2 protein chains.
Amino acid sequence: MTHPLFHPDAEEISLPAILTALGDETRLNIIAILARNGERAMTCGQFLELGSKTALSYHVAKLREAGVINVRPDGTKRLLTLRRVDLEGRFPGFLDSIIASANTIPLRENPIAANAADPAGETEWT
Amino acid sequence: MTHPLFHPDAEEISLPAILTALGDETRLNIIAILARNGERAMTCGQFLELGSKTALSYHVAKLREAGVINVRPDGTKRLLTLRRVDLEGRFPGFLDSIIASANTIPLRENPIAANAADPAGETEWT
DNA sequence: TCCTTTGTTCAATGATCCTTGAACTATTGA
DNA sequence: TCAATAGTTCAAGGATCATTGAACAAAGGA
């Protein structure tokens, strides 16, 4: 690995950058689903209903570079997690209000939300 | 007046639209200053340090169309106010978290913030 | 080793964004 | 009526954005 994936330091996360990153339906769906999934990491492949492989790669990079998510290589996969602590420290209450609001989006605009909710947390992702 | 200024109904305000509207330094400054100004309305002209007349007109329209601010004609002026109640009803906690965070932006990125703060509320706007 | 899985990179395309200056409208006050 | 004030509209420009398909790379399993 010549260079690890870039992540801004917590104190460098900028509000306009975060707002821009989240001002897109696909990316908003990604973080809403990540949030519903609790602390469990998810892979890019679990979001394929939201777009093509290439498009997801693009949007995930946007979220990562803005400081919204952390991306950690794991074999051929990438494990995505929300940067909850960093975001709460920098912009208190912001992420929670976004997530609460995003969860009110109708399911037909949010196709895999039902799967992501998965209260038992025992879904076998393929 | 052939058509009054368009404002989305409160229940039509969309989260991605708001996030996109606020994902711009100029527009974020506008709402931060509006917020610091309390309930008092402000005119476009009071934001001229943030950009040209044309640019301000553009950004104010974006904020209005997204449902972030209300714009009311008053003579040759436009009176701008935050749609606090509508936003709080639709996305609880969101606006407050944005405003609190935006107020931490250094003043050199936020040139007229010192004026807008104006605790006595007695500034003579020219 | 070969194949599969998972995701990235690249170039191309069309769409949208932000800024600018010039011209314009509408309202107010002298 | 005339001029000043406040803001809008328009067309043009360059910049950035989101999507696509093809090619690529890296890791793991058979």
Side-chain angles (χ1 to χ4, degrees), chain A residues 1-7 14 16-31 34 41-66 68-81 109 111 124-126, chain B residues 1-7 14 16-31 34 41-66 68-81 109 111 124-126:
Chain A
M1 190 192 304
T2 58
H3 61 85
L5 296 171
F6 169 78
H7 292 81
S14 104
I18 294 234
L19 292 166
T20 299
L22 296 179
D24 174 275
E25 300 272 5
T26 301
R27 297 193 292 260
L28 202 48
N29 273 313
I30 291 174
I31 69 107
L34 268 177
M42 297 182 71
T43 66
C44 297
Q46 288 178 278
F47 298 96
L48 281 175
E49 303 195 39
L50 296 178
S52 68
K53 223 169 42 159
T54 307
L56 265 300
S57 186
Y58 170 78
H59 288 302
V60 164
K62 287 276 181 187
L63 290 169
R64 173 176 52 78
E65 288 160 7
V68 181
I69 65 175
N70 190 277
V71 182
R72 173 166 47 97
D74 176 52
T76 70
K77 303 186 182 182
R78 302 283 184 271
L79 297 182
L80 315 185
T81 50
E109 298 177 20
E124 277 303 317
W125 295 101
T126 55
Chain B
M1 190 192 305
T2 57
H3 60 85
L5 295 171
F6 169 78
H7 292 81
S14 105
I18 295 236
L19 292 166
T20 298
L22 296 179
D24 174 275
E25 300 272 6
T26 301
R27 296 194 291 261
L28 201 50
N29 273 313
I30 291 174
I31 69 106
L34 268 176
M42 296 181 73
T43 67
C44 297
Q46 288 178 280
F47 298 96
L48 281 175
E49 303 195 39
L50 297 178
S52 68
K53 224 169 42 158
T54 307
L56 265 300
S57 186
Y58 170 78
H59 288 302
V60 164
K62 287 275 180 187
L63 290 169
R64 174 176 51 78
E65 288 159 8
V68 182
I69 65 175
N70 190 278
V71 182
R72 173 166 46 97
D74 176 54
T76 69
K77 303 186 180 181
R78 302 284 184 272
L79 296 183
L80 315 186
T81 51
E109 298 177 22
E124 278 302 318
W125 295 101
T126 56

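Numbered from 1 within each chain, the chains take letters A, B, ... in sequence-line order. Keep in mind it's a predicted model, so treat the numbers as computed, not measured.
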K.L.:
Under the rule for side chain to side chain donor-acceptor pair (under 3.5 Å), what residues qualify as partners of A:H59, not counting sequence neighbours?
P.N.:
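So A:H59 forms a side chain to side chain donor-acceptor pair (under 3.5 Å) with A:R27.
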K.L.:
Quick one: does any side-chain atom of A:H7 pair with a main-chain N or O of A:V71 as donor and acceptor, under 3.5 Å?
P.N.:
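Between the backbone of A:V71 and the side chain of A:H7 there is a qualifying donor-acceptor contact (under 3.5 Å).
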K.L.:
Tell me the closest heavy-atom pair linking A:L19 and B:L22, and the distance in Å.
P.N.:
CD1-O, 3.3 Å
K.L.:
Tell me, please, which residues at least two apart from A:S14 pass side chain to side chain contact (heavy atoms under 4.5 Å, CB included).
P.N.:
A:P16, A:A17
K.L.:
Could you tell me how far apart B:L56 (CG) and C:dG21 (P) are, to the nearest whole angstrom?
P.N.:
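Nearest whole value for this atom pair: 14 Å.
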K.L.:
How many Å lie between CZ on B:R64 and P on D:dG7, as a whole number?
P.N.:
14 Å
K.L.:
Nearest to the side chain of A:R27, heavy atoms from C-beta on, is which of D:dA18, C:dC18, C:dG7?
P.N.:
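That would be D:dA18.
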K.L.:
Measuring to OP1 and OP2 of D:dC17, would you say a side-chain N or O of A:K62 lies under 4.0 angstrom away?
P.N.:
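For A:K62, the contact criterion (side-chain N or O under 4.0 Å from OP1 or OP2 of D:dC17) is met.
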K.L.:
Would you list the protein and nucleotides 19-26 of chain D atom pairs, both N or O, that sit under 3.5 Å from each other?
P.N.:
{"residue": "D:dT19", "atom": "OP2", "partner": "A:H59", "partner atom": "NE2", "Å": "2.4"}

K.L.:
Would a distance-only check, ignoring hydrogens and angles, find a side-chain to backbone donor-acceptor pair under 3.5 Å from B:T20 to A:G23?
P.N.:
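Looks like yes, one N/O pair under 3.5 Å.
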K.L.:
Can you tell me which stems involve DNA chain C, if a stem is defined as three or more consecutive Watson-Crick or G-U wobble pairs, both distances under 3.5 Å?
P.N.:
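Runs of three or more consecutive pairs: C:1-17 with D:14-30, C:19-30 with D:1-12.
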K.L.:
Does a side-chain N or O of A:S57 approach OP1 or OP2 of C:dG7 to a distance below 4.0 Å, or not?
P.N.:
no
K.L.:
Identify, with sequence neighbours excluded, every residue that meets side chain to side chain contact (heavy atoms under 4.5 Å, CB included) alongside B:T54.
P.N.:
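Side chain to side chain contact (heavy atoms under 4.5 Å, CB included) check on B:T54 returns B:S52.
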K.L.:
Under the side chain to side chain contact (heavy atoms under 4.5 Å, CB included) rule, collect the residues that match up with A:S57, sequence neighbours excluded.
P.N.:
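For A:S57 there are no side chain to side chain contact (heavy atoms under 4.5 Å, CB included) partners, ignoring immediate neighbours.
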